[in-house]
There are 2 protein chains.
Amino acid sequence: MAITMYDLAGVEADRRFSPFCWRARMALAHKGLDVATVPWRFTEKDKLPAPNAGRVPVIVDDGKVVHDSSAIADYLEERYADRPSLFPGASARALTKFVQNWTETVLQVGLFGFVLLDIYNHIGPQDQQYFRRSREERFGGASLEDVVKDREARLPAFRASLDPLRRTVERQPFLNGEAPAYADYVVFGAFQWARSISDFALLAADDPVHAWRGRMLDLRGGLARRSPGYGG
Amino acid sequence: MAITMYDLAGVEADRRFSPFCWRARMALAHKGLDVATVPWRFTEKDKLPAPNAGRVPVIVDDGKVVHDSSAIADYLEERYADRPSLFPGASARALTKFVQNWTETVLQVGLFGFVLLDIYNHIGPQDQQYFRRSREERFGGASLEDVVKDREARLPAFRASLDPLRRTVERQPFLNGEAPAYADYVVFGAFQWARSISDFALLAADDPVHAWRGRMLDLRGGLARRSPGYGG
């Protein structure tokens, strides 16, 4: 039986844009598991399976409910240990945490300043009020419009912040080496979030990060490339 | 026979402060290899073994000369494959590159703004003229004094830039997990560079990065802690 995954959706049901859901989606694909996704919106807290944390991703695998992208990766790695590893080796698992922490404290924080208003513009009216209130609170009262103001001027600094990633993927195909693994999916989730929701050109066409993102979009028969988005 | 390593030294022969030499030194210790270090100064280009790239670290192992900290790590890993691995697994080797690229584009670049003048003040008069000229050229003509100006004011931003490292080592003992490996030595090299040459308090005493650095200083019987430096 296919695994069910509750997946954040925009006003169109097939626009999937959560960076954390993309981590889980790519991890499921890495393991070669069948998945049936359920589009879910911010304001549909009561539609999630119990125990209900009010957030996605959530997977249901043969009756077992697992929340949180990191817990899902750990669950899949243990439950499907005979399938391709998400963390090839204990050291890789530990080092993947550094990549994840960079993604969450540098990359995703930086991306908010470019795509926050675009998210608002792609979600349903029932979600927009919730999203504006909760996000403006998170950004210390700044309006969504203020958070993304002058994003053109901030682009060079954002691109410079990608140097650790850029230098790595210009010298090897994936963060994990010759083939992708969970570290790649974590970073890719952030870029796929932006790509799903924003037409702003974050990456120059000749950027090695752009080429790496292209390799990620091509994985599993173009799973991520086929998902509605912008910028290739 | 012990491996010989040419190691950058300050005006006192036992003050060893190159971040790249510390990577090599820790890697040699990780492999449990005997090493005899030779103190070397910036202006002693002609004292290095042939083929001579004019830089350290350089090791000489049974007649074989290996330059460059990354090449040395690769050499040690292959030549002493039966000893504890510096990169436990192909994925760990690939992911270590991300840690290294973060260290070189974020951490070490940030540290220059705090310790550059302190380096100058700890090297011999014969090296000072060379160091000032070459570094001021590298920093676009800014004086050493200008590069470190207002470092107190820049400290909060520097400490914030350590978030990916901080979040990782507050949840696991080492970047590599339960035990250190090359990724830890790369990052540690940068902090040991600063510690060897500067009394500026880069890390708050209650910072998880400070605790991790303490674990690194304690390795191999306190190899790095015994080396002349400041701040514990």
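Because only heavy atoms are used, hydrogens play no part in the values below, and waters and symmetry mates are left out as well, while side chains stay in. Each chain gets a letter, A, B and so on, in the order the sequences are listed, and its residues count up from 1.
Heavy atoms of other residues, nucleotides or ligands lying less than 6.0 angstrom from CZ of A/R55 number 12 at most.
Atom NZ of A/K97 and atom CD of B/Q172 lie 8.0 Å apart (nearest 0.5 Å). With rounding to the nearest 0.5 Å, the separation of CG in B/L95 from OH in A/Y182 is 13.5 Å.
The contact between A/E104 and chain B is made entirely by side chain atoms (from C-beta outward), counting heavy-atom distances below 4.5 Å.
Using a 4.5 Å cut-off between non-hydrogen atoms, the part of residues 142-164 of chain A that approaches chain B consists of A/D163, A/P164.
In plain terms, the two heavy atoms of B/T168 and A/F98 that are nearest each other are OG1-CA, 3.4 Å.
Taking chain A as the reference chain and counting heavy-atom pairs below 4.5 Å, the highest number among B/P88, B/A179, B/G89 is found for B/P88. No other option in A/T105, A/T96, A/V99 has as many heavy-atom pairs under 4.5 Å with chain B as A/T105.
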